Amino acid sequence: MEGLSRSHGCGDLRMTHLGETVTLMGWVSKRRDHGGLIFVDLRDRSGKVQIVFSPEISKEAFHLAESVRGEYVLAVSGEVRQRPEGTENPALPTGEVEVEVRSLTVLNQAKTPPFYITENVDVDENLRLRYRYLDLRRPDMQEGLILRHRVTKTIRDFLDERGFLEIETPMLTKSTPEGARDYLVPSRVHPGEFFALPQSPQLYKQLLMVSGFEKYFQFARCFRDEDLRADRQPEFTQLDMEMSFINREDIIQLVEDMFCHLFRQVMGIELPQPFPRLSYAKAMDKYGSDKPDLRFDLELKDVTDLVKDSGFKVFASVCAAGGQVKGLRVPGCAHYSRKELDDLTKFAGIYGAKGLAWMILAPEGLKSPISKFFTEEEIDAIINRLEAETGDLLLFVADKPQVVAQALGALRVEFGKRLNLIDPEEFNFAWVIDFPLLEYDEDEKRYVAIHHPFTSAKEEDLPLLATEPLKARAQAYDLILNGVEVGGGSIRIHNRQNQEQLFSLLGFSQAEAQEKFGFLLEAFEYGTPPHGGIAFGLDRLVMLMAGKDTIRDVMAFPKTQSASDLMTKAPSPVAEQQLKELKLRVDEKKTAVAQGED
RNA sequence: GGAGCUGUAGUGUAGCGGUUAACAUGUCGGCCUGUCACGCCGAAGAUCGCGGGUUCGAUUCCCGUCAGCUCCGCCA
């Protein structure tokens, strides 16, 4: 490298550089050896350009190039030249030019990679994760991380402009009840005691409000030891924000401005403002989800009133037991076969539905195994309610409201995809507001907070906390994008009495509340401003902006579904000495149980 | 904790109760001065994820297991 200095990025060369002598450094993407002439596509972060080795230009470079292989790291210098007429490559941004190489330095050799370093590879994810550093060489993976950088950079600048301060909070923190399972870190200095990695910086950011910082944000790494999904990793990044002296409208306005700015700057897209809002109750009722995909219509219709007194016992008994019956109209699917309907039933079963009733509005008349239980008037009323037409398939689920919503909500999304009702280019933002504050946990026999225990109830619902807590609505709001929850927040409780009241509703004794959250309760006694905030899942947001199906594709080093890192082989056992220092002993629970025992 | 899908040369796939396990691509060698999915000739490359069972015989069928993925539960 002595005396060598890169002058341009490979992907940056254009006709305007004609005649310039350039020095490029990058990887061999492809080599085409014609015997007397060698072409190499040289790739770096900026893109690719064709470089040419010819004995007429440099015998030395040409012969050296004969030994070059894929993914070798090269430094070349030579003149940018217009390609001979007829040999331009319109598929490449640099396709009008090439570099004729006068000197070549092989900076490093490379083994043949285990998979192709190109766009759109369909390789076993096992391999991609094991060789993540090679996977990340692929241009579309680089684009994802570059996009991620531009998103964080744009947001940082925006929030700075609006008077926000970026403040870091600890990673070694206190384990608190409620919420996800914690990742624990043993304390060497305090044997038998543990830190928890933060599930979010929630309490710290509220305390920063007590401290008077007024506007805070942070790109915060969060940890939750729960099972993974395509959009859930054990560690992930939140854009975390908190503000004092604000109300819900202030936050919504700021966030909409922020996303409009972000999409304008990064994607060149103008988002329509204001973002639509719908209540939790309406979202659940119409779409069976608290994060509905609003890129397509398909609404659920409640037919409970029409069927509760009908002769169909399955429906009637569910209604009598306090359940409900809802229907989904699937346009143009009257041709569905028995097998396809059985598969749909199985699909609904995943979400707990014990069955799936259907009606087919065929041109030759109604086909349905349940129609014989209804009068003609009842059937007409149902068809009217669903606004169904000939050629439609109608699907019904009868169950507890929660099961009906989940099953039909999932079917709605499924048909949105199957019927191609979704515009993949669209970014459909909306707010879901007025969440309930609490729900009842049947397993634990107590109330649990839907958002989190620091969320304030709506002022007009405060009296309900003492009488009918489940009816109280929270000052909470989620931001959804294309059926994905990308963020959520709330106005917080900011005085000790209200916070203690909520803890007690959640079933904490005063002593427990003091032990777990005493520092917060105490802080609230020293002049706490009204405050609230919101946090966004950065990985999910970037995933959607990049058009990817999993957040793994926009994270540099993600974990597998079983929360391990195939590249480093983490987690792994540690030395006995390390355990000793921590005063820890592994319970030798047999992992390798003998086979074939009875 | 549960359900489903996948696992065959380096990679992506095909295949079948008895095969020399096929194809493409990559790799290696030779030829080739305008290619860009370069072309042509040749070669090497497989413990058919692992273990057990059924069978005269299993890569193929069955059971188990491991790994990856998708989903349910879980994720304030």
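Computed from a predicted model, the values in this text were never measured in an experiment. Note on naming: letters A, B, ... go to the chains in the order of the sequence lines (proteins, then strands), and numbering restarts at 1 for each one.
For U33(B), the OP1/OP2 oxygens have no side-chain nitrogen or oxygen of Ser54(A) closer than 4.0 Å. Side-chain N/O atoms of Arg540(A) include none lying less than 4.0 angstrom from OP1 or OP2 on C75(B). Listed pair Arg32(A) / U35(B) fails the phosphate criterion, with no side-chain N or O lying under 4.0 Å from OP1 or OP2. Applying the 4.0 Å criterion to OP1 and OP2 of C69(B), one finds that Thr550(A) has every side-chain N and O outside that range. Using a 4.0 Å cut-off, no side-chain N or O of Thr94(A) falls inside it from OP1 or OP2 of C36(B).
Where Asp33(A) and Glu56(A) each meet RNA chain B at their nearest nucleotide, the meeting point lying more 5' is that of Glu56(A). Both Ile450(A) and Asp549(A) lie near RNA chain B, and the one whose nearest nucleotide falls closer to the 5' end is Asp549(A).
Scanning atom types as modelled, no donor and acceptor separated by under 3.5 angstrom connect the side chain of Arg181(A) and the base of G73(B).
Across residues 40-50 of chain A, Gln50(A) each have a non-hydrogen atom less than 4.0 Å from an atom of RNA chain B (numbered order). For the contact set between residues 406-419 of chain A and RNA chain B, defined by any heavy atom under 4.0 Å, the members are Gln406(A). If you check residues 229-243 of chain A against RNA chain B, the residues with a heavy atom closer than 4.0 Å are Arg229(A), Ala230(A), Arg232(A), listed by number.
For Ser103(A), the side chain to side chain contact (heavy atoms under 4.5 Å, CB included) criterion is met by Ser77(A), not counting sequence neighbours. Judged as a salt bridge (charged side-chain N to carboxylate O under 4.0 Å, His left out), and not counting sequence neighbours, the contacts of Arg138(A) are Asp135(A), Asp140(A). Scanning for side chain to side chain contact (heavy atoms under 4.5 Å, CB included) contacts around Ala511(A) gives Ser509(A), with sequence neighbours left out. Contacts of Tyr447(A) classified as ring-ring contact (aromatic ring centres under 6.0 Å, His included), with partners at least two apart in sequence or in another chain: Tyr440(A). With sequence neighbours left out, the side chain to side chain contact (heavy atoms under 4.5 Å, CB included) criterion links Val255(A) to Ile251(A), Phe259(A), Trp431(A), Leu479(A), Ile534(A), Phe536(A). Listed by chain and number, the residues in a side chain to side chain contact (heavy atoms under 4.5 Å, CB included) with Pro113(A) are Glu71(A), Ile117(A), Leu134(A) (sequence neighbours excluded).
For Tyr280(A) and Phe435(A), the ring centers sit closer than 6.0 Å to each other.
We find that NZ of Lys111(A) is positioned 15 Å from C1' of U11(B), with the value rounded to whole Å. When the P atom of U6(B) is taken as reference, atom CG of Asn126(A) falls 16 Å away, rounded to whole Å. Per the geometry, CD belonging to Glu98(A) stands 12 Å off C1' belonging to U33(B), to the nearest Å. If you take CD of Glu226(A) and P of C75(B), they are 6 Å apart, rounded to a whole angstrom. One atom, CG of Asp227(A), and another, P of C69(B), lie 12 Å apart when rounded to the nearest Å.
Here salt bridge (charged side-chain N to carboxylate O under 4.0 Å, His left out) pairs that include residues 504-520 of chain A, with residues two or more places apart or in two chains, are Lys174(A)-Glu515(A). Counting only residues at least two apart or on different chains, the ring-ring contact (aromatic ring centres under 6.0 Å, His included) pairs with a member in residues 470-515 of chain A are Phe503(A)-Phe508(A), Phe503(A)-Phe517(A).
No contact: Arg31(A) has no heavy atom under 4.0 Å from any strand.
Taking the six-membered ring for Trp and thresholds of 30 and 60 degrees, Phe454(A) and His452(A) have ring planes inclined between 30 and 60 degrees apart.
Nucleotide U65(B) is matched to G49(B) when pairs are restricted to Watson-Crick or G-U wobble geometry with both distances under 3.5 angstrom. Of the nucleotides present, C28(B) is the one that pairs with G42(B) by Watson-Crick or G-U wobble criteria, both distances under 3.5 Å. Nucleotide G73(B): unpaired (no Watson-Crick or G-U wobble partner with both distances less than 3.5 Å). Across all strands shown, U59(B) has no partner, as no Watson-Crick or G-U wobble contact with both distances under 3.5 Å is found. Remark: U19(B) base-pairs with no nucleotide; criterion is Watson-Crick or G-U wobble with both hydrogen-bond distances under 3.5 Å. In a base pair of the Watson-Crick type (N1 to N3 plus N6-O4 or O6-N4) or a G-U wobble (N1-O2 and O6-N3), with each distance short of 3.5 Å, U33(B) is matched with no nucleotide.
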Could you run down the sub-3.5 Å N/O contacts of the protein with nucleotides 26-30 of chain B?
unit_1	atom_1	unit_2	atom_2	d
G26(B)	O4'	Tyr116(A)	OH	3.3
C28(B)	OP1	Arg69(A)	NE	2.9
G29(B)	OP2	Arg69(A)	NH2	3.3

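Judged by centroid separation below 5.5 Å and plane tilt below 30°, His34(A) does not stack onto the base of U35(B).
The two residues Glu442(A) and Lys445(A) have their closest heavy-atom pair at O-NZ, 3.1 Å.
Without hydrogens or angle criteria, Arg446(A) side chain to Leu506(A) main chain gives a donor-acceptor distance under 3.5 Å.
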